[in-house]
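Note sheet for the following structure.
Lettering of chains follows the sequences in order, A, B, ..., and the numbering in each one begins at 1.
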2 protein chains.
Amino acid sequence: MLQATAFPNALDNSSAAVLSGIDVLAGLDDRQSPVRRLARHETLFSEGDEGGKYYEVLEGVVCSFRILHDGRRQILSFNYPGDMIGIGHELGCKCSCEAVADARVRSIPVSALDRSIKTRPELARKLLKVATIELASMHDHFVMVGRKSATEKLASFLLALARRECGDDAGTATFQLPMTRTDIADFLGMTIETVSRRFTSLRKLGVIDLPQTTTVHVRDMFLLEELADSNEDDC
Amino acid sequence: MLQATAFPNALDNSSAAVLSGIDVLAGLDDRQSPVRRLARHETLFSEGDEGGKYYEVLEGVVCSFRILHDGRRQILSFNYPGDMIGIGHELGCKCSCEAVADARVRSIPVSALDRSIKTRPELARKLLKVATIELASMHDHFVMVGRKSATEKLASFLLALARRECGDDAGTATFQLPMTRTDIADFLGMTIETVSRRFTSLRKLGVIDLPQTTTVHVRDMFLLEELADSNEDDC
DNA sequence: CGACGGGTTGAAGTAAATCAATAGGGGTGG
DNA sequence: CCACCCCTATTGATTTACTTCAACCCGTCG
């Protein structure tokens, strides 16, 4: 659980496992970091905002995304408790962020963190590490979106979630999907219909069960790995 | 030219415009940072390597990519002179890197840079800034790969290159393509045939000329922007 | 010269998108 | 408690954008 390499396929949130926001933000004045509650679909920030803030997810799940003028949406990352958001936003990263499930989020002004860095230089390195991890996990997402088939995309996605919940070496796993089919589609670069069809085909293959639409039970992790084309180690 | 926001559509290399590797690496002992010459297609590093190094492109163009077990390739970024590579590689980012055109690349052991950071803490912040910019430009790439049509993908790609060469506000632009159609295809997540077809359709639309296969002349930047669906500002 | 690597173009096939109908689930109000 | 609605998900039928397969061109190099 402590090594990034334990999550080769993790979502853009594996930073939690290695280095939580809490770790980076420890020692910051609490008055400078107010906590906000977000209901599902509520916006944390949008493209237009100045973006002088970092955020840490305390509870629930949020996602950051970009919208094209005709409404097409690409979700860039899902963020779970412990994840930091906002690194990169100072410099022209234009994206929005909203709650996927009810959430609690702490915000920290960049300026406050900058001041802290002056007195505790190791903070910058920790922040660098968080950015580094985000970058690394983004690469997985890239291969997934750019080069994988619909089945492989969904399998990779479920595999990453399963590993996040149940670790790497379990033979089966059960977990909740906080996001809707639409969210998954916009993360993987496909349509809800295709997502739905791939879910049922995975079910019919016996790889997963869907007791409810929001609950996934992976019956055969190994098969799921095969389908995910997750052979990211053998080459 | 000095603001990241001037390159909303830049490739994963806009860092050059804002903060060159030279800037970050200034003052490092030259003996610690040997320069290597790479011929086209020569490998700088591959997935298996330990990855204890940062690299700075001095000349030419390189690309980093990931390969799936059956040979499918996704190019993650093209890197031009001034760009830094290797941030994020310490922590489980498994990708390879090779020269797209003959190149000169300087390598710096992470350990050396780490030592420098001890004495000059502001280095960590500069590095953070580089990571930040890489992250931001990666988001553009994401929307492109995940949600755009073939024409929009190619238009976005050419637009980014045109802006890099000729700035933001020119009405026309001419530049070289150091990479092959295959490289472009693997960057945009499509096939060479589709890339080729979209090139000719852009040509027939009068948006671009192709005096040679490696030379692009953009006749109408505005139209190209339209086609790129680059309305990343109006929403 | 022939071979080879890149590029373009054409014809045919297909995975996924689109269009469209139906079903389920959770909450509200009559 | 049932009826209704709204939102989300599933499933089916059809279309299409892109891929795949294949031929061909062109410049370079041994």
Side-chain angles (χ1 to χ4, degrees), chain A residues 39-42 68 70-74 99-102 144-155 157-158 176-205 208-216 227 229, chain B residues 39-42 63 68 70-74 98-102 144-155 157-158 176-205 208-216 227 229:
Chain A
R40 202 166 118 82
H41 290 148
E42 206 174 336
L68 291 164
D70 62 355
R72 281 174 289 178
R73 183 174 74 147
Q74 176 68 50
V100 156
D102 296 355
M144 191 159 82
V145 169
R147 281 294 175 213
K148 287 190 179 179
S149 71
T151 302
E152 290 169 332
K153 283 179 183 181
L154 187 58
F157 178 69
L158 294 178
Q176 291 300 115
L177 290 174
M179 65 291 282
T180 65
R181 299 294 190 258
T182 304
D183 294 329
I184 297 174
D186 287 347
F187 184 70
L188 299 177
M190 45 209 244
T191 61
I192 43 168
E193 292 96 330
T194 305
V195 170
S196 190
R197 280 185 236 278
R198 294 305 110 198
F199 260 117
T200 60
S201 83
L202 287 182
R203 194 166 45 70
K204 284 181 181 160
L205 276 172
I208 60 167
D209 269 336
L210 290 169
Q212 293 112 207
T213 51
T214 58
T215 308
V216 178
L227 290 170
D229 193 316
Chain B
R40 201 165 118 82
H41 290 148
E42 206 174 336
C63 70
L68 290 164
D70 62 355
R72 282 174 289 177
R73 182 175 74 146
Q74 175 68 49
E98 67 172 43
V100 156
D102 295 356
M144 194 159 82
V145 170
R147 280 296 176 212
K148 287 190 179 179
S149 71
T151 302
E152 290 168 331
K153 282 178 183 180
L154 187 58
F157 178 69
L158 294 178
Q176 291 301 113
L177 289 175
M179 64 292 283
T180 66
R181 300 293 190 258
T182 304
D183 294 329
I184 298 175
D186 287 347
F187 183 68
L188 299 176
M190 47 210 240
T191 61
I192 42 168
E193 293 95 331
T194 305
V195 170
S196 190
R197 281 184 236 278
R198 293 306 109 200
F199 260 117
T200 60
S201 83
L202 286 182
R203 195 166 45 68
K204 285 184 181 160
L205 277 171
I208 60 168
D209 268 337
L210 290 170
Q212 293 112 206
T213 51
T214 58
T215 309
V216 178
L227 289 170
D229 195 317

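Side chain of A:S201 to main chain of A:R198: a donor-acceptor pair is present (N/O by atom type, distance under 3.5 Å, no hydrogens or angles). Judged by distance alone, with hydrogens and angles left aside, the side-chain atoms of A:R147 form a donor-acceptor pair with the main-chain N or O of B:M190 at under 3.5 Å. The closest donor-acceptor contact from the side chain of A:D102 to the backbone of A:A39 lies at 3.5 Å or more, if one exists at all. A donor-acceptor contact shorter than 3.5 Å links the side chain of A:Q74 to the backbone of A:D186. Panel note: side chain A:E152, backbone A:L227; no donor-acceptor pair is recorded below 3.5 Å.
Spacing between atom CE of A:M179 and atom P of D:dC7 amounts to 21 Å, rounded to whole angstrom units. In this structure, CZ of A:R72 is placed 18 Å from P of C:dA16, rounded to the nearest angstrom. Protein atom CD1 of B:I192 is 16 Å distant from nucleotide atom P of D:dC18, rounded to whole Å. Distance, A:L177 CG to C:dG25 P: 16 Å, rounded to whole Å. Rounded to whole Å, the distance from CZ on B:R147 to P on D:dC18 is 13 Å. Here D:dC18 presents its P atom at 16 Å from CD1 of B:I184, a figure rounded to the nearest Å. Put simply, CD on B:Q212 is 16 Å from P on D:dC26, counting in whole angstrom units. Here the P atom of nucleotide C:dT8 and the CZ atom of B:R198 are 13 Å apart, to the nearest Å.
Side-chain nitrogen and oxygen atoms of A:R40 include at least one within less than 4.0 Å of the OP1 or OP2 phosphate oxygen of D:dT8. Residue A:R181 places at least one side-chain N or O under 4.0 Å from the OP1 or OP2 atom of D:dT10. Between B:T180 and C:dG6 there is no side-chain polar atom (N or O) within less than 4.0 angstrom of OP1 or OP2. Phosphate proximity of D:dT11 to A:T200: present, with a side-chain N or O under 4.0 Å from OP1 or OP2.
Contact annotation for B:T194: base contact, defined as any heavy-atom pair under 4.0 Å involving a base atom.
If B:E193 and A:F199 are placed on DNA chain D by their nearest nucleotide, the residue sitting closer to the 5' end is A:F199. Taking for each of B:R197 and A:G189 the nucleotide of DNA chain C with the nearest heavy atom, the 5'-most of the two is the partner of B:R197.
The side chain of B:S196 lies closest to C:dG7 when the candidates are D:dT10, D:dC18, C:dG7. For B:T191, taking side-chain heavy atoms from C-beta onward, the closest of the listed nucleotides C:dA17, C:dG6, D:dT19 is D:dT19. For A:S149, counting side-chain heavy atoms from C-beta on, the closest listed nucleotide (D:dT19, D:dT10, C:dA16) is C:dA16.
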